[in-house]
Chemist: 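Okay, handing you the structure first.
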Amino acid sequence: MPSKSSARLAALTVAAVCSAASTVVLSSTAHADSVRIHDIQGTTRTSPYAGQKVTDVAGIITGIRTYGSSKGFWIQDPDADDNPATSEGVFVFTSSTPKGVTVGDAVKVSGTVSEYVPGGTSSGNQSVTEITKPAVTVVSSGNAVPAPVVVDADSVPDAYAPAGDGAASNSINGLVLRPAQYALDYYESLEGMNVRVDDTRVVGASDPYTELWVTVKPHEHATRRGGTVYGSYDSQNTGRLQIQSLGATADFPAANVGDTLTGATTGPLDYNQFGGYTLVASSLGTLESGGLERETTRKQRNGELAVATYNVENLDPSDGTFTAHASAIVNNLKSPDIVSLEEIQDNNGAKDDGTTAADVTVNKLIDAIVAAGGPRYDWRSIDPANDTDGGEPGGNIRQVFLFNPERVSFTDRPGGDASTAVGVTREHGKAALTVSPGRIDPTSDAWKSSRKPLAGEFVFRGRTVFVIANHFNSKGGDQGLTSQYQPPVRSSETQRHQQAAEVNTFVKSLLAVQKNADVIALGDLNDFEFSDTAKILEGDGELWSAIKSLPRSERYTYDYQGNAQVLDQILISPAIRRGCDFEYDSVHLNSEFHDQISDHDPQVLRFHP
């Protein structure tokens with residue numbers, strides 16, 4: 001108990017505006033002597049006191065947040081009950097910067113218990129139990145903060161989440177927490193409490209928003225470069241935890257995958273819109289570099305055709321990344337013969353004035369490639385109709401073919417434009433495109449507000465190769481892995497399934513004319529190699545995702561919330577696959593690094609046509 005000499009008689013009353021997601025129904029005020037923090041938190045994800053006023057809830061301040069839209073502080077009851085399902089911590093939402101309080105203060109808080117859903121109810125996120133509209137009385141200062149709960153490989157269960165209640169749209173909100181059985185229940189049982197992780201490996205590089213991801217399970221689906229692979233819908237990787245900081249932005253470490261936060265990282269466990277459960281650190285471990293270096297693939301041999309896909313992340317002439325992208329293409333990818341670029345913006349980027357041409361953007365990149373010692377690529381693309389292909393408003397992103405005219409030629413067949421569908425015809429007994437470059441069924445609903453596939457006909461050493469550049473519908477709108485709905489709903493899949501079916505149908509038409517045609521479908525598919533999207537695109541063997549030729553621990557092109565996963569793929573027709581004379585490389589030069597120039601790693605396929 002704090003000494004009387006340290007007591008302060010100051011009282012602080014702070015008004016807070018409740019979130020629209022908070023419960024607003026009020027009932028009678030609860031008695032202070034009967035309501036403690038673990039009573040407010042309860043044994044489920046939502047408080048039994050939601051919407052009720054509570055008085056004189058006692059706790060010690062463990063952390064204060066003075067930034068962002070969720071200002072306030074955490075309090076924790078130092079005298080825990082014996083129920084592992086009930087948290088002893090809770091967030092006090094003050095709306096404005098808390099004044100007159102500091103970490104270690106013993107306080108009594110009166111206010112309204114609310115359930116705040118970060119991102120709003122439509123996000124599907126879980127809610128955070130808060131005390132809002134608080135009146136705060138400081139009882140004493142200088143108290144020891146409750147010892148943190150150590151979160152480690154032994155404490156976090158291997159199973160991720162319980163199945164949701166079918167009668168409640170698969171919500172897990174009403175289920176009694178089983179923290180010894182499910183990881184999400186375990187983290188929820190610690191919501192608002194002081195926690196600690198020790199010597200954790202970074203599995204998601206730090207970003208401009210001063211957050212990174214670590215794992216407390218170093219052997220869980222580990223990559224050889226220090227990450228954690230997301231290899232199926234049932235391997236969510238329970239050891240992942242987001243780290244943010246209560247300190248200054250400038251003090252946040254610039255971390256890459258494979259680095260380590262040595263020592264203790266300690267602070268309250270929060271839940272936020274972008275990533276779910278987050279340790280908001282009052283003290284960070286010391287960053288120890290893992291020495292990760294950007295990968296370089298080998299140069300293609302004379303008889304090999306090298307084809308790559310690279311999402312250059314909304315590249316427009318105003319960007320400062322042209323030199324870096326050029327260096328990546330020349331030095332890390334070794335100047336592939338054909339490069340499918342995704343997210344090339346028009347000549348004035350996000351300015352929405354009707355401009356759709358991208359020649360300035362593309363030629364600036366080509367010039368940078370030459371300056372980096374690479375070939376002077378030629379290029380082909382089709383300008384989209386204005387504001388019809390999704391992406392950043394006004395940017396008019398599209399796919400672009402770069403090709404090295406010293407190694408490969410492009411077969412131009414006039415007539416392709418934003419709305420004309422490419423078809424397949426027979427020429428000298430072999431398949432040919434009706435227009436080249438051309439777009440696959442661009443008026444189909446499958447491509448509404450999304451990028452249309454770009455098909456091109458190339459010739460390498462006398463053999464025709466058909467290349468289809470894709471950028472499928474994004475995952476925007478999907479529920480996150482930490483959603484209150486389990487399993488989470490992936491609503492964006494519907495359109496990707498339609499898109500995959502369209503591309504597969506087109507490939508079928510090519511193979512119907514020429515069974516042994518060399519066909520490559522590649523790009524940012526925004527879906528995993530094990531997904532139904534990939535299965536539909538592969539069809540009945542018309543295509544096969546060549547990233548599956550890699551060991552499972554090396555199958556990733558993107559890092560999202562500490563999960564190394566596949567979004568970018570190169571699929572090949574049977575004529576290429578059957579020869580077993582191909583080599584695939586996911587060239588990790590972006591996704592694992594804090595100073596990435598794109599959030600995607602490029603992919604390279606080398607084969608003998």
Side-chain angles (χ1 to χ4, degrees), residues 14 16-25 36-52 54 57 59 61-77 85-95 98 109 111-134 149 151 161 171-175 177 179 183-195 211 241-244 246 267-282 479-486 488 561:
V14 186
V17 179
C18 287
S19 162
S22 301
T23 306
V24 294
V25 178
R36 294 168 63 182
I37 293 173
H38 51 248
D39 298 319
I40 292 172
Q41 287 285 9
T43 59
T44 66
R45 284 175 164 76
T46 55
S47 172
Y49 288 88
Q52 297 186 34
V54 292
V57 179
I61 294 179
T62 60
I64 299 174
R65 182 159 56 202
T66 60
Y67 58 86
S69 60
S70 187
K71 296 180 177 69
F73 56 88
W74 289 269
I75 59 173
Q76 184 168 332
D77 192 331
T86 58
S87 170
E88 301 295 338
V90 71
F91 186 68
V92 179
F93 175 62
T94 59
S95 181
V109 179
T112 301
V113 177
S114 298
E115 291 291 338
Y116 167 67
V117 181
T121 54
S122 63
S123 70
N125 285 330
Q126 296 183 48
S127 60
V128 179
T129 302
E130 299 180 342
I131 299 177
T132 63
K133 300 181 179 178
V149 175
V151 177
S171 174
I172 57 177
N173 275 353
L175 303 181
L177 299 177
L184 288 191
D185 285 7
Y186 173 72
Y187 291 127
E188 177 63 23
S189 74
L190 301 176
E191 180 193 274
M193 291 181 64
N194 198 29
V195 301
E211 60 193 32
L241 192 62
Q242 187 172 215
I243 305 290
Q244 293 182 338
L246 287 172
L269 188 67
D270 194 23
Y271 182 98
N272 67 38
Q273 178 181 355
F274 304 106
Y277 294 104
T278 301
L279 195 166
V280 188
S282 53
Q479 293 172 353
L481 291 180
T482 59
S483 168
Q484 66 159 294
Y485 302 103
Q486 294 293 330
Q561 297 181 352

Chemist: Would you name the heavy atoms of Ser47 and Val113 that are closest together and state the gap between them?
Modeler: OG-CG1, 3.6 Å

Chemist: Determine the minimum heavy-atom distance between Ile64 and Leu246, stating which atoms define it.
Modeler: O-CD2, 3.5 Å

Chemist: Has Gln76 got a side-chain atom pairing as donor or acceptor with Asn194's backbone, closer than 3.5 angstrom?
Modeler: yes

Chemist: Quick one: closest heavy-atom pair of Leu177 and Arg45, and the distance?
Modeler: CD2-NH1, 3.2 Å

Chemist: Between Ser483 (side chain only) and Asn125 (backbone N and O only), is there a donor and an acceptor less than 3.5 Å apart?
Modeler: no

Chemist: What I'd like to find out is whether the side chain of Tyr49 reaches to under 4.5 Å of the side chain of Asp39, using heavy atoms alone.
Modeler: yes

Chemist: I want to check a possible cation-pi pair here: Arg65 against Phe91, using under 6.0 Å from ring centre and within 45° of the ring axis as the test.
Modeler: yes

Chemist: Passes side chain to side chain contact (heavy atoms under 4.5 Å, CB included), Ser189 versus Thr86? Steps please.
Modeler: CA-CA 6 Å; Ser189 74; Thr86 58; over 6 Å; no

Chemist: Strictly distance-based, threshold 3.5 Å: is any side-chain N or O of Gln242 a donor or acceptor partner for the main-chain N or O of Glu211?
Modeler: no

Chemist: Looking at Leu184 and Leu481, what are the two nearest heavy atoms and their distance?
Modeler: CD1-O, 3.9 Å

Chemist: Kindly compute the distance separating CD (Glu130) from CD1 (Ile40), expressed to the nearest 0.5 Å.
Modeler: 12.0 Å

Chemist: Can you check side chain to side chain contact (heavy atoms under 4.5 Å, CB included) on Leu190 and Val151, steps first, answer last?
Modeler: CA-CA 10 Å; Leu190 301 176; Val151 177; 4.0 Å; yes

Chemist: Working to the nearest 0.5 angstrom, can you tell me the gap between Ile172 CD1 and Thr44 OG1?
Modeler: 11.0 Å

Chemist: Over all heavy atoms of both residues, which pair between Val128 and Pro118 is shortest? Give the atoms and the distance, please.
Modeler: CG2-CG, 4.1 Å

Chemist: Please walk me through it: do Ile131 and Thr112 pass side chain to side chain contact (heavy atoms under 4.5 Å, CB included)?
Modeler: CA-CA 5 Å; Ile131 299 177; Thr112 301; over 6 Å; no

Chemist: Distance check, rounded to the nearest 0.5 Å: Gln273 atom CD versus Ser70 atom OG?
Modeler: 11.5 Å

Chemist: Say you draw a straight line from CD of Glu115 to OG1 of Thr132; how long is it, rounded to the nearest 0.5 Å?
Modeler: 10.5 Å

Chemist: To the nearest 0.5 Å, tell me how far Thr482 OG1 sits from Asn272 CG.
Modeler: 8.5 Å

Chemist: Can you tell me if Ser114 uses its side chain to pair, donor with acceptor, with the backbone of Tyr116 under 3.5 Å?
Modeler: no

Chemist: Is there a side-chain contact between Pro268 and Val195, using heavy atoms and a 4.5 Å cut-off?
Modeler: no

Chemist: Would the distance check show the side chain of Tyr277 and the main-chain N or O of Leu269 forming a donor-acceptor pair, the cut-off being under 3.5 Å?
Modeler: no

Chemist: In Å and rounded to the nearest 0.5 Å, what is the OG1 to CD distance from Thr43 to Glu188?
Modeler: 11.0 Å

Chemist: Provide the closest heavy-atom pair for Val280 versus Tyr67 in the form atom of the first, atom of the second, distance.
Modeler: CG1-OH, 3.9 Å

Chemist: Only one of Arg36, Glu191, Glu88 clears side chain to side chain donor-acceptor pair (under 3.5 Å) with Gln41; which?
Modeler: Glu191

Chemist: Do Ile75 and Val92 have side chains that get closer than 4.5 Å, going by heavy atoms?
Modeler: yes

Chemist: Kindly indicate whether the side chain of Leu241, heavy atoms from C-beta on, has any atom under 4.5 Å from the side chain of Thr278.
Modeler: no

